[in-house]
Every structure is written in structure tokens, then in C-alpha cells.
Amino acid sequence: MPQPEIEIRGLHKSFGDNHVLRGIDLEVARGDVVCVIGPSGSGKSTLLRCVNLLEEPSEGQVFVGGTEVTDIEVDIDAVRRRIGMVFQQFNLFPHVTVTENLVLPQRRVLRRGKAEATKVARENLERVGLADKADAYPAQLSGGQQQRVAIARALSMGPEVMLFDEPTSALDPELVGDVLAVMRVLASEGMTMMVVTHEMSFAREVADRVVFMDGGVIVEEGPAAQVVGDPRHPRTRHFLDRILDPSAAEAPGPEAGGPAAG
Ligand SMILES: Nc1ncnc2c1ncn2[C@@H]1O[C@H](COP(=O)(O)OP(=O)(O)OP(=O)(O)O)[C@@H](O)[C@H]1O
Ligand SMILES: [Mg+2]
């Protein structure tokens with residue numbers, strides 16, 4: 001079997017007494033899309049943030065492209081350059097244009113010259129369908145357009161893998177589709193992706209595998225059609241029932257222990 005693009009071994013993360021990740025083992029093959037689902041607080045964001053070292057793992061190892069990124073000798077900046085990350089909040093610089101949002105990190109982090117950085121920026125704006133917004137300011141764009149700019153910004157750094165943390169959760173429903181369409185194209189082009197999402201139709205359609213996390217462990221993982229369509233574990237089933245039909249959360253079911261926490 002070829003070497004996985006992302007490999008996570010025995011990963012633990014604690015914040016003080018809060019043992020958030022409790023032994024995560026996960027491999028993502030090159031070109032695969034893995035969607036991570038699970039309830040709030042289960043550790044999904046922490047997992048992604050440990051992969052690109054925004055959080056320092058308490059225990060365990062992470063490899064990207066065969067290099068151990070958790071090695072204490074590693075150049076963290078070099079690691080982050082290889083891993084693009086897109087957050088729920090787009091975090092664009094508000095005071096500069098869309099193009100400059102893509103150019104500045106390339107110049108600062110990759111030391112690219114202005115002409116090259118601008119060319120790469122244009123190509124990636126084209127890729128996300130926003131070539132015509134090159135000279136706009138972020139505030140002049142819709143949330144969905146801003147998120148596509150954030151994706152183009154990450155792509156401009158030439159990452160080997162892309163991590164997405166609920167990229168569509170902050171968007172109005174009618175803007176979600178355009179962002180997912182860009183992600184679908186990236187996936188079809190062979191980008192290795194880890195995507196935390198509540199978009200089950202995206203997971204079913206695009207993900208090679210779906211991982212269900214709860215309480216800091218992977219409860220169930222497998223092909224999307226199986227985990228989303230026919231989950232084996234009752235906790236996965238319960239989670240999916242609630243997310244696919246939010247009204248089910250209020251209905252007393254066999255597993256309901258009491259009133260839903262508000
Ligand atoms: N920087 C931090 N400092 C302290 N505790 C943290 C930090 N980041 C996360 N946590 C804690 O870790 C736990 C898991 O949080 P995390 O954000 O990974 O969950 P999540 O699955 O992404 O949830 P959500 O679906 O709400 O985004 C929570 O109890 C949270 O309070
Ligand atoms: Mg999160």
C-alpha cells in the first residue's frame with residue numbers, strides 16, 4: 001500500500017484537565033477526501049489544528065507526506081506551508097483588496113516576487129470563479145465569495161493537503177452551494193482533503209471516507225455511503241438522526257435521556 005499523505009498515530013491532546021483527543025489513529029491516502037463529523041465539542045477542530053500544529057499534540061505522531069510534523073526538530077513554518085487551512089470565519093484582511101489578500105502571504109511566507117505572486121493569485125481567483133473580484137475589498141463580497149477567496153488564498157501557497165473546518169457553517173444557505181462546488185472541483189483534481197462538515201450530502205457525494213468522532217475518539221469510520229447511509233454504531237445513528245432531522249432532537253426517543261440541552 002502506498003504511503004498515506006496524512007497519517008495520525010496515537011494522537012492525544014489535553015487542555016489542562018480536559019482530555020480532548022483520546023487516541024486518534026487515522027490515515028488519509030493521497031488524493032482522498034475524508035469528512036469528519038461529530039457533535040459539538042467532540043474534538044474535530046482540535047484534530048485538524050493538531051495536523052498543522054496550530055495546537056501542539058500532547059502525545060502521538062502526525063506525518064504529512066511521509067515527514068513527521070510532530071518531530072520537535074521540524075520547521076513549523078515549513079510544515080504549515082504544505083498544509084492549507086480554511087476556517088469557518090474567513091479571516092481576510094479587510095483593508096486590502098482580494099488580490100492583495102492572496103499576494104501578501106505568498107510574499108511574506110514564500111518570499112515570492114510581486115509579479116509571480118500576483119500571477120498565482122489571479123490563477124487561483126480564476127479557479128474559484130472570482131477573477132472579476134480581484135480588485136474588490138472583502139466587505140464588498142458576499143460571505144460565500146469571501147470564503148472562496150479564503151480558499152484561493154490557501155491554494156496560492158501551493159499546499160499538498162487542505163484542511164477545512166466547517167467552511168460553510170457561517171454562510172447563508174443560498175451561498176453554501178458555491179463554496180461546496182469549489183471544494184468538489186478541488187477534490188476531483190486530486191487534492192488530499194480533511195473536511196469537518198455538517199453537510200451530509202457533500203460527505204456522501206464527495207468523501208472517500210467519513211469519520212464519526214465523539215468524546216475525543218473515532219467511534220466509526222468507513223466509506224461515506226456506509227457511515228452516513230447505514231451507520232453501524234448507535235452513537236453515529238443518533239447523531240445523524242438529529243442532524244438530518246433536527247426536529248427529531250425534541251421528540252422523546254428510546255435514547256433520549258432528558259430534555260435537550262439548550
Ligand atoms: N485552545 C483551547 N483551550 C482550551 N480548551 C480548548 C481549546 N480548544 C478547544 N478546547 C476544548 O476542547 C474541546 C473540543 O473542542 P473542539 O473545538 O475541538 O470541538 P469541535 O468538535 O470542533 O466542536 P464544534 O462542533 O462545536 O466546533 C472542547 O471541550 C473545547 O472547550
Ligand atoms: Mg469545531
Side-chain angles (χ1 to χ4, degrees), residues 6 8-26 28 33-62 64 69-70 76 79-80 83-91 143 146-147 150-151 154 161-173 176 179-180 183 193-204 206-207 209-222 224 227-228 231 233-246 248-249 260-262:
I6 303 172
I8 299 164
R9 285 194 204 152
L11 181 67
H12 287 256
K13 176 66 185 178
S14 296
F15 296 102
D17 293 341
N18 190 3
H19 192 174
V20 173
L21 298 181
R22 297 165 171 262
I24 301 283
D25 293 284
L26 182 65
V28 183
V33 177
V34 169
C35 282
V36 181
I37 63 173
S40 182
S42 57
K44 306 177 299 293
S45 296
T46 304
L47 174 61
L48 285 195
R49 293 167 64 84
C50 281
V51 170
N52 76 345
L53 301 182
L54 282 176
E55 299 290 354
E56 189 186 343
S58 307
E59 206 183 304
Q61 293 170 300
V62 177
V64 175
V69 304
T70 38
I76 290 186
V79 168
R80 295 218 184 102
I83 305 172
M85 184 142 177
V86 173
F87 302 87
Q88 185 175 336
Q89 302 301 338
F90 333 119
N91 305 320
Q146 290 186 53
Q147 188 60 301
I151 294 172
V161 310
M162 287 281 287
L163 312 177
F164 293 86
D165 193 355
E166 300 201 38
T168 60
S169 303
L171 302 178
D172 292 337
V176 167
V179 172
L180 293 180
M183 293 169 64
M193 296 164 50
M194 277 181 78
V195 184
V196 174
T197 186
H198 293 294
E199 297 290 335
M200 288 308 133
S201 56
F202 176 84
R204 275 187 95 132
V206 181
R209 282 188 305 141
V210 170
V211 169
F212 172 67
M213 278 180 74
D214 196 7
V217 298
I218 293 176
V219 173
E220 178 165 358
E221 75 169 285
V227 176
V228 180
H233 201 290
R235 274 150 83 188
T236 318
R237 202 172 280 274
H238 182 66
F239 171 76
L240 287 168
D241 284 348
R242 274 187 312 164
I243 196 169
L244 297 174
D245 177 13

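First listed ligand is number 1; within each ligand, the first listed atom is number 1.
Scanning all protein heavy atoms for the shortest distance to atom 15 (O) of ligand 1 gives Thr46 OG1, 3.8 Å. Given atom 26 (O) of ligand 1, the protein heavy atom at minimum distance is Ser40 OG, 2.6 Å. Protein heavy atom in closest approach to atom 30 (C) of ligand 1: Asn18 ND2, 4.4 Å. Looking from atom 27 (O) of ligand 1 to the surrounding protein, the closest heavy atom is Glu166 OE2, 3.6 Å. Looking only at heavy atoms of the protein, atom 9 (C) of ligand 1 is closest to Phe15 CE1, 3.5 Å. In this structure, atom 17 (O) of ligand 1 lies nearest to the protein heavy atom Ser45 CB, 3.7 Å. Nearest non-hydrogen protein atom to atom 25 (O) of ligand 1 is Lys44 NZ, 2.7 Å. Distance from atom 12 (O) of ligand 1 to its nearest protein heavy atom, with residue and atom name: Val20 CG2, 3.1 Å.
Here the rule is side chain to side chain contact (heavy atoms under 4.5 Å, CB included) with Met183, and of Val206, Val33, Ile151 only Ile151 fits it.
Using a non-hydrogen distance threshold of 4.0 Å, Lys13 does not register as a contact of ligand 1. Ligand 1 is approached by Ser42 to a heavy-atom distance shorter than 4.0 Å. Under the 4.0 angstrom criterion for non-hydrogen atoms, Pro39 is in contact with ligand 1.
Scanning all heavy atoms of the two residues, the minimum distance from Ser58 to Ser14 falls at OG-N, 2.9 Å. Smallest separation of non-hydrogen atoms from Ile24 and Gly216: CD1-O, 3.5 Å. Of all heavy-atom pairs between His198 and Gly38, the closest is CE1-O, 4.0 Å. The shortest heavy-atom contact between Val86 and Ala150 is CG2-O, 4.3 Å. Closest approach of Val20 and Thr46 over heavy atoms only: CG1-OG1, 3.9 Å. When all heavy atoms of Gly84 and Ala154 are compared, the closest pair comes out as CA-CB, 4.4 Å.
Side-chain atoms of Gln147 never come within 3.5 Å of backbone atoms of Gln89 as a donor-acceptor pair (strictly under, hydrogens ignored). Panel note: side chain Thr70, backbone Val62; a donor-acceptor pair is recorded below 3.5 Å. With hydrogens and angles ignored, the 3.5 Å screen pairs no side-chain donor or acceptor of Gln88 with any backbone N or O of Glu166. The main-chain N or O of Gly10 is found under 3.5 Å from a side-chain atom of Asp25 such that the two form a donor-acceptor pair.
Taking only nitrogen or oxygen atoms, main chain and side chain alike, His198 does not reach within less than 3.5 Å of ligand 1. Some N or O of Gly43 is nearer than 3.5 Å to an N or O of ligand 1, by distance alone.
The proximity of Met213 to ligand 1, defined as any non-hydrogen pair under 4.0 Å, does not occur for either the backbone or the side chain. At a heavy-atom distance under 4.0 Å, no atom of Asp165 approaches ligand 1. With a 4.0 Å cut-off on non-hydrogen atoms, Arg49 does not touch ligand 1 at all.
Taking all heavy atoms of Ser169, Gly215, Gly216, Gly41 into account, the minimum distance to atom 20 (P) of ligand 1 is reached by Gly41.
For the atom pair Met200 CE and Phe202 CZ, the distance stands at 11.5 Å (nearest 0.5 Å). Separating the OG1 atom in Thr236 from the CE atom in Met213 is a distance of 12.5 Å, to the nearest 0.5 Å.
Less than 2.8 Å away from the Mg ion (ligand 2), the protein contributes these N/O/S atoms: Ser45 OG.
No hydrogens or angles considered: nothing links the side chains of Asp214 and Ser42 as a donor-acceptor pair under 3.5 Å.
No more than 12 heavy atoms of other residues, nucleotides or ligands shown are found within 6.0 angstrom of CD on Glu56.
Close approach of ligand 1 to Glu55 is summarised as follows: ligand atoms under 4.0 Å from at least one heavy atom of the residue are 1 (N).
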